[in-house]
Amino acid sequence: MRRFTLYDSMTREVRVFAPIAPPRVGMFVCGLTPYDEAHVGHARTFVFFDVVARALRRWGYRVFYVQNVTNLDDKVIARGAELGEEPLALAERNFLQWRADSERLGIRSVGYYPYATDYVPEILSQIQTLIDRGYAYPADGSVYYSVGKFGSYGRLSGQRTESLRPGARVEVDRSKRSPEDFVIWKATTPGEPSWESPWGPGRPGWHIEDTAITLRLFGPRYDLHGGGIDLIFPHHEAEIALAEAATGESPLVNYWMHSGMLNLGGEKMSKSLGNVVSLSEALDEFGPNVLRLFYLNAHYRSPLDFVKGKSLEEAREAYARLALPADRMAGVLSRGSGDRSGTELSEALAKEAESLVDRLDATLAEDFNTREAIALLFGWTRRLVAELPRLDSYSTDALSDLYGPYAWAEEVLGLFVRGPEERAGAWEKLVPILVSARARARARGDFVEADRIRGELAAAGIRLEDDASGTRWEFAGPNP
RNA sequence: GCCGAGGUGGCAGAAUGGUUAAUGCGACGGACUGCAGAUCCGUUUCCUGGGGGUUCGAUUCCCUCCCUCGGCUCCA
């Protein structure tokens, strides 16, 4: 297992990671509330934690990555009412859309997506325990957590309850004994999905679902908890209070990681501000590689600015440059069947490729510095551009060695993902026929015909490039 | 008001107690081209929000102020 460090939001310092029961790592990240489509801001967080899980696995840890789904809450119910859709069905629909999008984005590291509503028995028993221990009280059919009872409340966020502004953004609930208390079981009104409970029909509050899930799956303590930085208060604070009060064990989580927000024009991207760009939309236009490069091109804790019509366009240019040698090599390797003989790599270059992979791991192992890793990859691309003209002459082994740093990025960063059509055989046979027809047209000076062929191919997503050695072709546009 | 994260070139965005402060985008000039594109070569740019302190030396550590963003009880 490789040693690595990460910034722990609880201690506010960079710490060496040590799992409770190596090589196993329990990792929990707060997922979506699927009351609507996911947007490019959500995806930043999940791409980052995907990289964390990928890296840990590469480094020898056995990661069980759980990401919950808040498939029922006020927003889901409200949106359902708006659309005339059953709340749970609405959540299911949006969640499946999210799964499809995250699949396209290359997020495949999550082992389990538990639904909040599948953990109602665990939630009810945790609530009972909290009541028995004096940390929670029923009122008007709901149950509230008594924040004042939990001594270390506020440790993660640095918030002191006395300095909070009750009702700053959310209306104060009159059934609470104290304004900082939060609901863990919510009495339902007729027509809403509900479960029987000792306190009457109701549904789970937001904060408690996560601890019910992690207590069940990981036990009272686990290794890593992640989420957007906007969740620190109150959500993560509440998780700590709920779990530690219920189990009597501390700390609930050994390492807290929070990723920065994606801002749009300096503001947080959110539905209420109406400045969202949906993830599906962005994927359709730019593909996963461009999006991932854009996200990972900043440090995960920094706020990142998203400028519509600019950010992803820039990332697309940058990706095109970064991927040029990688795509060429992948093309050469996939076209041939079996091992090709050819020029072998000079020892110096082979060594360079190998040591670069080490440096990439080392860079990422320092609090997941994806930006530095990408800068190193650009360096490799610069290095290989010189090899471009003679790429075809290298042996399979040599090409694999040269591809090493890109393979690393593919494994850990999820870049250089290629879609199935790039491997589809038909194009490989048909495009060269058209390319040679165009070459003949050019040779006899019929540029109208030559440009027509190039134009038609471009429309079909095939880009032609002429250089000294002839005409190359490749797939243009976003990779799916 | 309180808590937290940030403030680096035209833009995005890294890093470091000490030579030219990375990388990418953009722009400009040149090579190449039937044209285009890609590519190559070259040029272009920040003394790191303001002030003070520590130090031989700070952009980096400390203090203070300003600004931006997030949170302040169901936001990734």
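The model shown is predicted, which means the values in this text are computed figures rather than measured ones. Chain letters run A, B, ... following the sequence lines, proteins first and then strands; every chain starts at 1. What's counted below: heavy atoms across the whole structure, side chains too, no hydrogens, waters or symmetry copies.
- Ring planes of Phe48(A) and Tyr300(A): parallel class, angle under 30° (limits at 30 and 60°).
- Sorted by first and then second residue, the side chain to side chain donor-acceptor pair (under 3.5 Å) pairs involving residues 106-116 of chain A (not counting sequence neighbours) are Asp50(A)-Ser109(A), Glu92(A)-Tyr115(A), Glu103(A)-Arg108(A), Tyr112(A)-Tyr119(A).
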Between protein and nucleic acid, restricted to nucleotides 12-17 of chain B and to nitrogen or oxygen atoms under 3.5 Å apart, what atom pairs and distances do you find?
unit_1	atom_1	unit_2	atom_2	d
G13(B)	OP1	Asp305(A)	N	3.2
A14(B)	OP1	His299(A)	N	2.5
A14(B)	OP1	Ser302(A)	OG	2.9
A14(B)	O2'	Glu372(A)	OE2	2.4
A15(B)	OP1	Asn369(A)	ND2	3.1

- prompt: In dot-bracket form, how is RNA chain B paired, counting a Watson-Crick or G-U wobble pair only if both its distances are under 3.5 Å and using | for bases paired to another strand?
  reply: (((((((..(((.....[....)))((((((.......))))))....(((((..]....))))))))))))....
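- Residue Gly227(A) is in sugar-phosphate contact alone, with no base atom involved, counting any heavy-atom pair closer than 4.0 Å across all strands shown.
- Within the 4.0 angstrom heavy-atom criterion, no nucleotide atom of any strand lies near Leu322(A).
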- request: Treat primed atoms plus P, OP1 and OP2 as sugar-phosphate and everything else as base, then score nucleotides 59-67 of chain B 5' to 3': B for base contact with protein heavy atoms under 4.0 Å, S for sugar-phosphate contact only, - for none.
  value: ---------
Output a table of nitrogen or oxygen pairs between the protein and nucleotides 30-33 of chain B separated by less than 3.5 Å.
none

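- Every residue two or more places apart in sequence or in another chain was checked for a side-chain hydrogen bond (donor to acceptor under 3.5 Å, both in side chains) with Glu86(A), and none qualifies.
- Using atom P as the reference point in both U68(B) and U8(B), the two lie 14 Å apart (nearest Å).
- Side chains of Asp36(A) and Arg79(A) form a contact here, defined as non-hydrogen atoms less than 4.5 Å apart.
- Heavy-atom neighbours of Arg301(A) CZ from other residues, nucleotides or ligands within 6.0 Å: above the threshold of 12.
- Ring planes of Phe150(A) and Tyr153(A): perpendicular class, angle over 60° (limits at 30 and 60°).
- Evaluation of the side-chain hydrogen bond (donor to acceptor under 3.5 Å, both in side chains) rule for His207(A) yields His235(A) as partners, not counting sequence neighbours.
- No side-chain donor-acceptor contact under 3.5 Å links Thr70(A) to the backbone of Leu72(A).
- Backbone-only engagement by Gly31(A) is indicated by non-hydrogen atom pairs under 4.0 Å involving sugar-phosphate atoms exclusively.
- For Ser393(A), there are no side-chain hydrogen bond (donor to acceptor under 3.5 Å, both in side chains) partners at least two apart in sequence or on another chain.
- The aromatic ring centres of Tyr319(A) and Phe294(A) sit 6.0 Å or more apart.
- Arg382(A) comes within 4.0 angstrom of sugar-phosphate atoms only, judged by non-hydrogen atoms across all strands, and of no base.
- Residue pairs meeting the salt bridge (charged side-chain N to carboxylate O under 4.0 Å, His left out) criterion with at least one member in residues 449-458 of chain A, sequence neighbours excluded, are Glu449(A)-Arg452(A), Asp451(A)-Arg454(A).
- Within the nucleic acid shown, Leu231(A) comes within 4.0 Å of sugar-phosphate atoms alone, with no base atom in reach, counting heavy atoms only.
- Within residues 444-454 of chain A, the residues having any heavy atom under 4.0 Å from RNA chain B are, by residue number, Phe447(A), Asp451(A), Arg454(A).
- For Lys149(A), there are no side-chain hydrogen bond (donor to acceptor under 3.5 Å, both in side chains) partners, not counting sequence neighbours.
- Only Trp206(A), listed by number, bring a heavy atom of residues 206-215 of chain A to less than 4.0 angstrom from any atom of RNA chain B.
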